[in-house]
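First up is the structure itself, then whatever we jot down about it.
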Amino acid sequence: MLTEATMWMRRRTSTAADWPVETLLAAKAAQAVTGPGQGRISVVLPARNEEETVGTIVAAIRRELVERAPLVDEIVVIDSRSTDRTAEVAAAAGAEVVAQDAVLPELPRMSGKGEALWKSLAATTGDLIVFVDADLRNFSPHFVTGLLGPLLTDPSVGYVKGCYDRPLVTGGTRVDGGGGRVTELVARPLINLHWPALAGVLQPLGGEYAGRRSLLERLPFVTGYGVELGLLLDVFADSGLDALAQVDLGDRVHSHQSTEALAAMSGQIMLTAWSRLQRHGRMLPLEDPATALAWFQRTGTGHDVRVNDVGVQERPPMIEVPGYAGTGRSLLPER
Ligand SMILES: O=c1ccn([C@@H]2O[C@H](COP(=O)(O)OP(=O)(O)O[C@H]3O[C@H](CO)[C@@H](O)[C@H](O)[C@H]3O)[C@@H](O)[C@H]2O)c(=O)[nH]1
Ligand SMILES: O=C(O)[C@H](O)COP(=O)(O)O
């Protein structure tokens, strides 16, 4: 049976090979340039302690998509309170590096990947923004060109998610299909349960996606790891299924987090889903959800308990921030 989700998948899924850079350059040149960013394209890498990988990714984008083909207008690394050499390595490879806390410093401090991405709206100038995780181990420029394809060629598309095969790579051993554990065990079952129309989005949590500033600036951002699920559900509620497209980017290899860290991520994902069910009028809660995640560890005499707060915080739509004038330049104090 053809469901809404499978019909969307057939209509709105392409592969990176469908979008050669020459096609994108021509589409970029042919755009009616009306946005405040004058058709510019920004690539953003949120990075917390990614000195091992960030330089290779930035250098490849710079070489292939700035110097060889003038597709990307700026590469911005948001340094998310790294304690290693992420900022130096990224700058040496040719990125503009912006410290997360240097953007809108007058606001109360918040943490997490979503905070880095929200701040990036205030630190970039493009009308199209491509997000790429800085921990990818097999990055290639087709990640960026693939995500830009539908946005540059179809004005009805506002948001593009990457999809890929995700191996689990540990200690030199590769298990095909073993990666994306939170995606497969938490996020996709939740989406199938409550938002079946989105069941064809194969990597709802994937960190490689792109959107129009005119859409992103109207959406709230969850500050932690719920940011991808929050954006997906909010784009769907705001603009409908057909504003979404996905592009097959092949294979994605990244650094894996511990089971304990993924449990905290899962808690944030579930709380984000809960918040959208409530906000979008899909549920009437009788009480607030609990945000404490308990961990037990064996000791000599019994068990120790540790508690993580996995509650999610949010930033408002960037367009509501005083001083924001449609691009980030007006807000960034110094670069
Ligand atoms: O406080 C933070 C935490 C992470 N990051 C960066 O965000 C990216 C992804 O973070 P990571 O910790 O590697 O997440 P994953 O374990 O890979 O989690 C997956 O699932 C998350 C939940 O949806 C998504 O946010 C990720 O993009 C996706 O890869 C990396 O470049 C990090 O350096 C920050 O900038 N600030
Ligand atoms: O996206 C996910 O599901 C999490 O980041 C976990 O990914 P992993 O199983 O590949 O570490």
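Position 1 is the first residue of the sequence, and the numbers go up from there. Read the numbers this way: they start at 1 and go in the same order the structure lists the ligands and their atoms. Source: prediction; values computed, not measured.
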Residue pair Asp165, Asp176: steps toward the side-chain contact (heavy atoms from CB on, under 4.5 Å) verdict: CA-CA 8 Å; Asp165 296 327; Asp176 285 327; over 6 Å; no
Chi angles and distances behind the side-chain contact (heavy atoms from CB on, under 4.5 Å) call for Leu151, Val130: CA-CA 10 Å; Leu151 286 169; Val130 182; over 6 Å; no
Chi angles and distances behind the salt bridge (charged side-chain N to carboxylate O under 4.0 Å, His left out) call for Glu50, Lys113: CA-CA 13 Å; Glu50 306 292 6; Lys113 182 191 175 188; over 6 Å; no
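Between the side chain of Asp73 and the main chain of Ile41, a donor-acceptor pair closer than 3.5 Å is present.
Under 4.0 Å from ligand 1, the heavy atoms of Glu50 that appear belong solely to its side chain. If you look at His254 next to ligand 2, the close heavy atoms, those under 4.0 Å, all belong to the side chain. Residue contacts with ligand 1 for Met265 involve side-chain atoms from C-beta outward but no N, CA, C or O (heavy atoms, distance under 4.0 Å). The proximity of Lys113 to ligand 1, defined as any non-hydrogen pair under 4.0 Å, involves the side chain as well as the backbone.
Taking every non-hydrogen atom of Asp135 and a distance limit under 4.0 Å, the qualifying atoms of ligand 1 come out as 13 (O), 17 (O), 31 (O). For ligand 1, the atoms lying closer than 4.0 Å to a non-hydrogen atom of Gly207 are 27 (O). Residue-ligand proximity, Thr183 to ligand 2, at heavy-atom distances under 4.0 Å covers atoms 1 (O), 2 (C), 3 (O). Less than 4.0 angstrom separates some heavy atom of Gly179 from each of these atoms of ligand 2: 9 (O), 10 (O).
Counting heavy atoms of neighbouring residues, nucleotides and ligands inside a 6.0 Å radius, atom CZ of Arg298 does not exceed 12 of them. Counting non-hydrogen atoms of other residues, nucleotides and ligands closer than 6.0 Å to CG of Leu284 gives a total of 12 or fewer. At most 12 non-hydrogen atoms from other residues, nucleotides or ligands lie less than 6.0 angstrom from CD of Glu52.
Side chains of Thr53 and Thr56: a donor-acceptor N/O pair is absent below 3.5 angstrom, by distance only. No side-chain donor from either of Arg213 and Ser42 sits under 3.5 Å from a side-chain acceptor of the other.
Ring geometry for His256 versus His254: interplanar angle over 60°, hence perpendicular rather than tilted (30 to 60°).
In this structure, the protein non-hydrogen atom closest to atom 9 (O) of ligand 2 is Arg181 NE, 2.6 Å. Taking atom 25 (O) of ligand 1 as the reference point, the nearest protein heavy-atom neighbour is Glu228 OE1, 2.6 Å. The protein heavy atom nearest to atom 7 (O) of ligand 2 is Arg166 NH2, 3.3 Å. Protein heavy atom closest to atom 17 (O) of ligand 1, with residue, atom name and distance, is His254 ND1, 2.9 Å. Among all protein heavy atoms, the one lying closest to atom 10 (O) of ligand 1 is Tyr225 CE2, 3.8 Å. Residue, atom and distance of the protein heavy atom nearest to atom 26 (C) of ligand 1 are Asp133 OD2, 3.5 Å.
Any N or O atom pair closer than 3.5 Å counts here, and Val182 shares at least one such pair with ligand 2. Residue contacts with ligand 1: Ala116 is placed with no nitrogen or oxygen under 3.5 Å of a nitrogen or oxygen of the ligand (distance criterion only). Considering backbone and side-chain atoms together, Arg166 places no N or O closer than 3.5 Å to any N or O of ligand 1. Polar contact check, His256 against ligand 2: a nitrogen or oxygen pair lies under 3.5 Å apart.
In the candidate list Gly180, Gly178, Ala261, Gly180 is nearest to atom 8 (P) of ligand 2, counting heavy atoms. With distances taken over non-hydrogen atoms, the option nearest atom 36 (N) of ligand 1 out of Pro204, Pro46, Ser80, Ala47 is Ser80. Of the listed options Gln257, Glu115, Gln268, Arg181, Gln257 places a heavy atom closest to atom 16 (O) of ligand 1.
Put simply, the side chain of Leu168 reaches to within 4.5 Å of the side chain of Arg181, judged on heavy atoms.
Electrostatic pairing of Glu184 and Arg188 counts as a salt bridge here, judged by a charged N lying under 4.0 Å from a carboxylate O.
Residue-ligand proximity: Val227 is placed with every non-hydrogen atom at 4.0 Å or more from ligand 1. Remark: distances from the non-hydrogen atoms of Gly112 to ligand 1 include one below 4.0 Å. Heavy-atom distances between Arg252 and ligand 1 reach below 4.0 Å in at least one pair.
Every pair passing ring pair (Phe, Tyr, Trp, His ring centres under 6.0 Å) that includes a residue from residues 182-210 is listed here, sequence neighbours excluded: Phe131-Tyr209, Tyr159-Tyr209.
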Side chains of residues 201-208: which donor-acceptor partners sit under 3.5 Å, not counting sequence neighbours?
residue	atom	partner	partner atom	Å
Gln203	OE1	Arg166	NH1	3.1
Gln203	NE2	Tyr164	O	3.4
Glu208	OE1	Tyr164	OH	2.6
Glu208	OE1	Arg252	NE	2.7
Glu208	OE1	Arg252	NH2	3.4
Glu208	OE2	Asp133	N	3.1
Glu208	OE2	Arg252	NH2	3.4

